[in-house]
Amino acid sequence: MRIVQLLLSLFLSAAFVFDAVNDKGFLFCFYALITLLLVIVLGPVFTTMFKTKLPDSLIIVADIFVVFCIYIGNRFDLYHRFFAYDILLHLLSGVLIVLAFYEVFFPLSYRECVPLGVRIVLMAVIGLAAAGFWELAEYFFDILTGFDVQRNLVVDTELLGKTWQNPGLRDSMNDMINGTIGGIIGSAVIFIRERMTR
């Protein structure tokens, strides 16, 4: 795990220096820096907050996800170049959130006390709630920074919706739907894994 985090940290540090030296603008440097900080603190902060040690494989996937979500996605404008990029990341975020919070709510020693069906339904609901919380975070991020991650200011015809819906509404609803589907996929993964280990 530490080797992967070290490689990601070196990549982001080099990206920060490259963007600063080549005058790519404050925004790309900011994305590189904030992603680097998240890669460094994500696992330890989660462990401290929830008193749960996540599996190393889940931390590695979450760190890679953060790099593609924040730095690479914005640095190379992948959110606007590829329709499926935003969809894929929101699906994955739902899966990762459900898998992480399953470890929080149902540690190994406690799992047999709660029926599997109840655990799965609760995880699917957490996936839905997390998708809504994510959009609230994007909304307040836009207000505080002046950015437009919810696409309210972009003329955007790539998302499904009616002509009277503004692009920000379509983007938010698509993100919540995809995050919820990701949560359901994560719940299905847990269900299959738990059934196989019995």
**Report entry** Verdict with reasoning, Thr47 to Thr52, per side chain to side chain contact (heavy atoms under 4.5 Å, CB included)
**Finding:** CA-CA 5 Å; Thr47 301; Thr52 301; over 6 Å; no
Requested in this report: Enter the distance from Leu38:CG to Tyr71:OH here, rounded to the nearest 0.5 Å.
Outcome: 15.0 Å
Report task. Using the side chain to side chain contact (heavy atoms under 4.5 Å, CB included) rule, pick out the option among Leu12, Leu36, Ile34 that qualifies with Ile70. Result -> Ile34
Query raised in the report: Is the gap between the ring centers of Tyr79 and Tyr85 under 6.0 Å?
Result: yes
Query raised in the report: Looking at Phe46 versus Phe101, is the centre-to-centre ring distance below 6.0 Å?
Result: yes
Report task. Please indicate whether Ile3 has more than 12 foreign heavy atoms, meaning atoms of other residues, nucleotides or ligands, lying under 6.0 Å from its CD1. Result -> no
Query raised in the report: Within 45° of the six-membered ring axis of Phe106 and under 6.0 Å from that ring's centre, is NZ or CZ of Arg111 located there?
Result: no
Do [X] and [Y] share a hydrophobic cluster (ILVMFWY, side-chain heavy atoms under 4.5 Å, transitive)?
| X | Y | value |
| --- | --- | --- |
| Ile87 | Ile184 | no |
| Phe133 | Val104 | no |
| Phe30 | Val41 | yes |
| Leu99 | Phe50 | yes |
| Tyr110 | Ile120 | yes |

Close side-chain approach of [X] to [Y], heavy-atom, < 4.5 Å:
| X | Y | result |
| --- | --- | --- |
| Phe11 | Leu7 | no |
| Gln5 | Asp63 | yes |
| His90 | Ile181 | no |

Work out which heavy atom in [X] is nearest to a heavy atom in [Y]; give both atom names and the distance.
| X | Y | result |
| --- | --- | --- |
| Val61 | Leu96 | CG1-CD2, 3.5 Å |
| Val39 | Ser9 | CG1-OG, 4.1 Å |
| Ser187 | Ala124 | OG-N, 3.2 Å |
| Ile97 | Ala130 | CG2-CB, 3.6 Å |
| Thr197 | Glu194 | OG1-O, 3.1 Å |
| Phe16 | Cys29 | CD1-O, 3.3 Å |

Requested in this report: Start with the C-alpha distance between Met123 and Phe191, add both sets of side-chain angles, then the distance that settles side chain to side chain contact (heavy atoms under 4.5 Å, CB included), and finish with yes or no.
Outcome: CA-CA 10 Å; Met123 288 301 101; Phe191 178 78; over 6 Å; no
**Report entry** Residues Tyr102, Arg119; criterion side chain to side chain donor-acceptor pair (under 3.5 Å); working and verdict
**Finding:** CA-CA 8 Å; Tyr102 188 71; Arg119 286 182 270 156; 2.7 Å; yes
**Report entry** Note: Lys53-Glu103 ion pair, threshold 4.0 Å (strictly below)
**Finding:** no
Report task. May I ask you to decide if Phe28's main-chain N or O and Arg75's side chain share a donor-acceptor pair within less than 3.5 Å? Result -> no
Query raised in the report: Between the side chain of Ser172 and the main-chain N/O of Glu135, is any donor-acceptor distance below 3.5 Å?
Result: no
Report task. Run the numbers on Phe82 and Leu88 for side chain to side chain contact (heavy atoms under 4.5 Å, CB included), then give the verdict. Result -> CA-CA 10 Å; Phe82 302 107; Leu88 179 63; over 6 Å; no
